[in-house]
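Keep in mind that what you see is a predicted model, and the values were worked out from it rather than measured. Heads up: numbering here begins at 1 and tracks the sequence. Hydrogens, waters and symmetry mates are skipped; everything else that's a heavy atom, side chains included, is used. Each ligand, and each atom within it, is numbered from 1 in the order the structure gives.
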Amino acid sequence: MVVSYSGIAGRRGKNPTKIVIHNDGGSKNAKASFYKSWLENHNPELGFAHYYVAEDGTYQAEADGNSAWHCANSVGNRDYLGIEVCQSLGSESVFKANEQKAFKLAATLCKKYKLNPSVAIFPLHRELSSTDCPHRSFALHGKAIVAVKNYYVEQVKKYFGSTSSGSSSSAGSSLAKNTKPLKDGKVGDLVKVYDALYRDSTGAGRSTAKRGKQGRIKRIVANSKKYLVEDWGWAHPNDLQLIKRATGSTSVKLPAGFSKEEATFVNGDTQITTRTNKPSLKGTVGKALKPHEKVAYLGWKVSEGYTWIYTKDKRYIPVRLVGKAAWGTFK
Ligand SMILES: [Zn+2]
């Protein structure tokens, strides 16, 4: 790695707090080697990021501990790392490969600086200043700020190693890893036994006799094999796959046209009017979202020029004008 600058935009004196993944707006020829020579022959005040990720490798223009002029936002320039995904006007396959390298780099940086990958850690450049950056990622991954940030988080997590401990596959088992472990299982959910069940919830008495069978969750406890399936035995989330959610439970259905995204919106300092029957300014007014109030939501949709979230308590809440900064933060 080459570093061309050393604190020209300021020395931060602390670890970076967020990461901005940019699109360079450059042609297929705007590779890492190009940026290296370009940056070294131009005024850095024209702008530069910490990293340039391209087909020919990754070029680091500035050390992580220093600031960079990459997002036209004083806090962002000072405290956030900037990664340029290069060749964003070139072919889609090259751009996507560059993106993946950038996500891998972002995962490494998250680990290094103890940043837990979440939408709060990956602001988009367009949220920080007036720009269409990251234009290509935006077009490819949902055409909405929430969707693109969510995609970034999901992709970075892939490299971060999001699933921690608790794999239940035992030595000698040739079973492929369960790619759809049971998340947030509820009593009554119909599940398929993907791998093993245990005689007790702490993990004694492993048996694969019920592998492939379907049954219902009867109890959930706080141990590692937390789900009791029928009266057969206890399972770790990795041992099960969801077939059908329990009906009549507390699970709320997402209205038509909404993209699934379960997260929390934290309102800014202005109250927001909510709607109870549809994502529309003409909808029936519901309980207002107070300044700084948190609300859990299940999905989002663009309607009437706003991005709306649909909350767990069945309210439709606009959270931003499309293309503009959100009126709060997402967690
Ligand atoms: Zn940018």
- Query: Does a donor on one side chain sit under 3.5 Å from an acceptor on the other, for Tyr152 and Ser137?
  - Reply: yes
- Say whether Tyr35 and Asp24, considering side chains only, have a donor N or O and an acceptor N or O under 3.5 Å apart. yes
- Query: Can you tell me if an N/O/S atom from Cys133 lies under 2.8 Å from the Zn ion (ligand 1)?
  - Reply: yes
- Lys/Arg N to Asp/Glu carboxylate O, Arg206 vs Asp195, below 4.0 Å: yes
- Query: Which N/O/S atom belongs to His125 and is the closest one to the Zn ion (ligand 1)?
  - Reply: ND1
- Query: the Zn ion (ligand 1) is nearest to which N, O or S atom of His22?
  - Reply: ND1
- Are any of the side-chain nitrogens in Arg12 or Asp64 under 4.0 Å away from the carboxylate oxygens of its partner? no
